[in-house]
Asker: 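I'd like to ask some things about the structure below.
Remember, it's a predicted structure, so these values are computed and weren't measured experimentally. Labels below follow one simple rule: chain letters A, B, ... track the order of the sequence lines, proteins then strands, and each chain is numbered from 1.
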There are 2 protein chains.
Amino acid sequence: MVTDSDTTADGTIQLLWGLREGPTRGPKPVLSLERIAQAAVDLADAEGLAAVSMQRVAADLDFTKMSLYRYVTGKDELVAAMIDLAVGEPPTLDELPGTTWRPRIEAWVRLLAQTWEAHPWLPWVTMGDRVMGPKETGWTELSAAILAETGLTVPERMSLARMLGGHVRATMSVSTAGTQPWVNRHQAALLREHADRFPTLRSMLDGDAAPPPDYGRDFGLRVILDGVELLIAERSGRHRA
Amino acid sequence: MVTDSDTTADGTIQLLWGLREGPTRGPKPVLSLERIAQAAVDLADAEGLAAVSMQRVAADLDFTKMSLYRYVTGKDELVAAMIDLAVGEPPTLDELPGTTWRPRIEAWVRLLAQTWEAHPWLPWVTMGDRVMGPKETGWTELSAAILAETGLTVPERMSLARMLGGHVRATMSVSTAGTQPWVNRHQAALLREHADRFPTLRSMLDGDAAPPPDYGRDFGLRVILDGVELLIAERSGRHRA
DNA sequence: GACAACTGTGTCCTACGGATACTGTTTCCG
DNA sequence: CGGAAACAGTATCCGTAGGACACAGTTGTC
């Protein structure tokens, strides 16, 4: 399941970056990588990632399972193609609102979150060490371009970009059933039952503070970016001193 | 793979919270949930989560695959048991350094990260809507207790706790092979090749800024907590005004 | 027109999670 | 004290998964 070697990575790179040499000799391919990936994405959107199997994707296309292996060396490559298709082309810098890094990066987060909400399986599949496709790299490029203005160091900027992506991931895919957004009803019942062991959590259950509909995405984003601004201010202050 | 119903959740709850009524009639069980979970954790630590199958866990214990199903209704429950075993008992509040929320929550993050580093499969398995076991709930309780001091609202506190957990997750499981910590060598080669499409990323490749060994965990934590302090300060300022 | 290259198919294999029926053991109760 | 119920671990079977491999049919090239 986990691609752990170079040969696999090379294959995926060739696939995603259009480096697969198209042959000229044999019969014309009826299928295409795009059609396959699209069918897989549609399936994952509709029935979840677990429903995506070679069998099923092929069936949705009215082909045999093994025919897919002419376009994709394995399921890992299919998933990689799904990711780059689903994540889509990033916006350009001038499409973003504002002229400074903060509103721009806020918009970047918002747009990324929208994309991920449309494909709820993406958070699970974009974890760990991978080779990013061109579109996904485009999103990263955009964030890097936006954050260049901050004056942070290169590792800091990339840490921040990674952090924001992680934040989007963390503020998604949470149960909706429950009185409080941070706990599902099974957990709530358990907390009431074991109030002695978890007094703080127990007391928080009855709070009537307005639960944010986005599970704290905006709140967390504000906290992070405030921290960044503070850091910038500190450094520019030191520069002047 | 995804437990999507209540009956399953109920079963897992009973398992994790010790609510399974032990029978008294038949032959004495030779195995135990603890032994099974421990074997599974050891296996996952050594060979990765993908190596954990009922077959393999049972073989490591010199038992049949089906014998495990006497202690666990399915693999989901096994994984749930693995999580609560691997995450371990949280520290107590007075074991943490400092007396204010900031050093305490910093220590909380550090300890959680240590635990997760010891079990690199945990990030993948602790995503999404689940029922937490008692030990994992203990970690959450601790963070909630620490953050109570901040004066943030309940949803804000829990968002923050979730955020910090997400931050630990995001700053783990990254490739180590590469000149820069934020990109692996495959990606780096691609960026050099497509320098026109990704100019910002391309230019960052040659930077010689010191790559942090923790992939920006401390940096990100500082940013987040600075943001929190700023928020607290703003509100207390408004209170005075 | 032969041949090489290629696409899509059919068959087969291994491994997985899990259901079910079974054998053997323990304990309760009449 | 002895049978019967309740249990533990086993053996066998099933459906589905990813994938290897050999094949039939199609296409371009020499």
Side-chain angles (χ1 to χ4, degrees), chain A residues 1-5 7-8 11-12 14-15 20-37 39-40 43-44 47-82 121 125, chain B residues 1-5 7-8 11-12 15 20-37 39-40 43-44 47-82 125:
Chain A
M1 177 162 275
V2 175
T3 64
D4 62 317
S5 190
T7 48
T8 327
T12 308
Q14 290 170 15
L15 182 86
R20 212 84 113 189
E21 309 137 16
T24 49
R25 277 281 203 118
K28 308 204 165 160
V30 186
L31 271 164
S32 70
L33 177 62
E34 286 71 30
R35 278 186 64 194
I36 295 174
L43 183 57
E47 303 182 32
L49 191 65
V52 177
S53 70
M54 299 287 133
Q55 202 97 253
R56 183 65 197 280
V57 172
D60 285 8
L61 290 164
D62 275 307
F63 278 83
T64 342
K65 172 183 68 167
M66 291 313 291
S67 66
L68 305 187
Y69 286 89
R70 292 281 167 197
Y71 302 85
V72 153
T73 64
K75 200 187 180 180
D76 289 335
E77 273 196 16
L78 174 59
V79 173
M82 286 173 67
W121 44 274
V125 120
Chain B
M1 177 164 271
V2 174
T3 64
D4 61 317
S5 192
T7 48
T8 327
T12 307
L15 182 86
R20 212 85 112 189
E21 309 136 17
T24 49
R25 275 284 200 116
K28 307 204 165 162
V30 185
L31 272 164
S32 70
L33 176 63
E34 286 71 29
R35 277 186 65 193
I36 295 174
L43 183 57
E47 302 182 32
L49 190 66
V52 176
S53 71
M54 299 285 134
Q55 201 99 253
R56 184 64 197 282
V57 172
D60 286 6
L61 291 163
D62 275 307
F63 277 83
T64 345
K65 173 183 68 166
M66 292 313 292
S67 65
L68 305 187
Y69 286 89
R70 292 279 167 196
Y71 302 85
V72 152
T73 63
K75 201 188 181 180
D76 289 335
E77 272 196 18
L78 174 59
V79 172
M82 287 173 68
V125 119

Asker: Name all pairs fulfilling the salt bridge (charged side-chain N to carboxylate O under 4.0 Å, His left out) condition that reach into residues 22-37 of chain B, sequence neighbours left out, sorted by first residue then second.
Answerer: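 As it turns out, there is no salt bridge (charged side-chain N to carboxylate O under 4.0 Å, His left out) pair with a partner in residues 22-37 of chain B once direct neighbours are skipped.
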Asker: Rounded to the nearest 0.5 Å, how far does CG of A:L31 lie from CD1 of A:I36?
Answerer: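 That separation rounds to 5.0 Å.
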Asker: Please list residues of residues 24-34 of chain A whose heavy atoms come under 4.0 Å from any atom in DNA chain D, ordered by number; otherwise none.
Answerer: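 Contacting residues: A:T24, A:R25, A:G26, A:P27, A:K28.
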Asker: Please round to the nearest 0.5 Å and tell me the distance separating atom OH of A:Y69 and atom NZ of A:K75.
Answerer: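 Separation between the atoms: 9.0 Å.
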Asker: Rounded to whole angstroms, how far apart are OH on B:Y71 and C1' on D:dG9?
Answerer: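 Spelled out: OH on B:Y71 to C1' on D:dG9 is 8 Å.
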Asker: Is any side-chain heavy atom of B:V52 closer than 4.5 Å to a side-chain heavy atom of B:M82?
Answerer: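 When only atoms from C-beta onward are counted, B:M82 and B:V52 do touch, with a gap below 4.5 Å.
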Asker: Look at A:Y69 and C:dT9 and indicate whether a side-chain polar atom (N or O) is within less than 4.0 Å of OP1 or OP2.
Answerer: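 No.
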Asker: How many angstroms lie between atom CD of B:Q55 and atom CE of B:M66, to the nearest 0.5 angstrom?
Answerer: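 The CE atom of B:M66 is 10.5 Å from CD of B:Q55, to the nearest 0.5 Å.
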Asker: Specify the closest pair of heavy atoms between A:A51 and A:L43, including all atoms of both residues, with the distance to one decimal.
Answerer: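 What the structure gives for the nearest pair is O-CD2, 3.5 Å.
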Asker: If you round to the nearest 0.5 Å, how far is OG of A:S67 from CG of A:D62?
Answerer: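 The OG atom of A:S67 is 10.5 Å from CG of A:D62, to the nearest 0.5 Å.
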Asker: Please report, rounded to the nearest Å, how far the P atom of D:dA17 is from the NZ atom of B:K75.
Answerer: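 Between P of D:dA17 and NZ of B:K75: 16 Å.
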Asker: How many whole angstroms separate atom CZ of B:R56 from atom C1' of C:dG17?
Answerer: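 The answer, rounded to whole Å, is 17 Å.
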Asker: Kindly say if B:Q55 contacts the phosphate of C:dC16, meaning a side-chain N or O under 4.0 Å from OP1 or OP2.
Answerer: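 Result: yes.
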Asker: So, taking the atom named CG in B:L15 and the one named CG in B:L78, what distance separates them when rounded to the nearest 0.5 Å?
Answerer: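 Taking CG in B:L15 and CG in B:L78, the distance rounds to 9.0 Å.
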Asker: Please tabulate, one pair per line, each protein N/O and nucleotide N/O from nucleotides 10-13 of chain D that are separated by under 3.5 Å, including the distance.
Answerer:
residue: D:dT10; atom: OP2; partner: B:T64; partner atom: N; Å: 3.0
residue: D:dT10; atom: OP2; partner: B:T64; partner atom: OG1; Å: 2.2
residue: D:dT10; atom: O5'; partner: B:T64; partner atom: OG1; Å: 2.9

